Amino acid sequence: MSSAKTSADLRIEFDRLDCDKDGFITLKEFRAFHEQNNKDGMSIEKAFAAIDVDNDGMVTFEEFQRAYKG
């Protein structure tokens, strides 16, 4: 069985992070999710910046998918 995530799996994860359901993940939403899972604050910001390739402060599903699907 492949460990690669499907688009459907990624959509579920994206929707879980998109707390206000506006179609974007903000740093605030990303941080809240990861802080609940005991992630370091600085690494959260670096991870968000790496995913937010256009640096607009919002991660689209396409950016999220690109980052996690490879």
Side-chain angles (χ1 to χ4, degrees):
M1 178 174 256
S2 174
S3 64
K5 295 193 181 225
T6 67
S7 291
D9 293 333
L10 290 171
R11 175 52 78 177
I12 290 167
E13 289 183 30
F14 181 88
D15 289 345
R16 190 171 41 184
L17 283 133
D18 181 17
C19 298
D20 62 5
K21 306 303 179 210
D22 65 353
F24 302 98
I25 300 170
T26 63
L27 178 57
K28 181 180 176 182
E29 291 169 321
F30 193 77
R31 182 182 293 123
F33 177 82
H34 286 87
E35 284 176 348
Q36 290 174 357
N37 294 292
N38 301 318
K39 300 290 182 189
D40 177 287
M42 183 57 108
S43 64
I44 292 169
E45 291 185 11
K46 286 181 182 179
F48 185 85
I51 298 167
D52 182 22
V53 294
D54 63 3
N55 297 311
D56 66 355
M58 298 180 293
V59 173
T60 64
F61 178 68
E62 289 76 21
E63 289 172 316
F64 186 81
Q65 188 174 28
R66 221 174 296 132
Y68 289 100
K69 200 170 187 181

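The model shown is predicted, which means the values in this text are computed figures rather than measured ones. Note that these values count all heavy atoms, side chains included, but never hydrogens, waters or copies made by symmetry. Numbering of residues begins at 1 and proceeds along the displayed sequence.
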Nearest-0.5 Å distance that lies between atom CD in E62 and atom CG in D54 = 10.5 Å
Does L17 have any side chain to side chain contact (heavy atoms under 4.5 Å, CB included) partners at least two apart in sequence or in another chain, and if so, which?
-> I25, F30, F33, H34, F64
Joining Ile, Leu, Val, Met, Phe, Trp and Tyr whenever any side-chain heavy atoms lie under 4.5 Å apart, the cluster holding F24 also takes in M58
For the side chain of E35 and the backbone of A32, is there at least one donor-acceptor N/O pair under 3.5 Å apart?
-> no
Worked verdict on E45 versus R31 for side-chain contact (heavy atoms from CB on, under 4.5 Å) = CA-CA 8 Å; E45 291 185 11; R31 182 182 293 123; 2.8 Å; yes
Any side-chain heavy atom of Y68 sitting closer than 4.5 Å to one from I51?
-> yes
Closest non-hydrogen atom pair, S7 against K69 | OG-NZ, 3.1 Å
With rounding to the nearest 0.5 Å, note down the distance linking OG1 in T60 to CG in D52.
-> 8.5 Å
Shortest non-hydrogen contact from D18 toward G23 = OD2-N, 2.8 Å
Hey, does the side chain of E29 reach the backbone of D20 with a donor-acceptor pair shorter than 3.5 angstrom?
-> yes
Report the C-alpha separation of K5 and E13 in whole Å, then their side-chain angles, then the decisive distance to 0.1 Å, and conclude whether the side-chain contact (heavy atoms from CB on, under 4.5 Å) test is met.
-> CA-CA 10 Å; K5 295 193 181 225; E13 289 183 30; 2.5 Å; yes
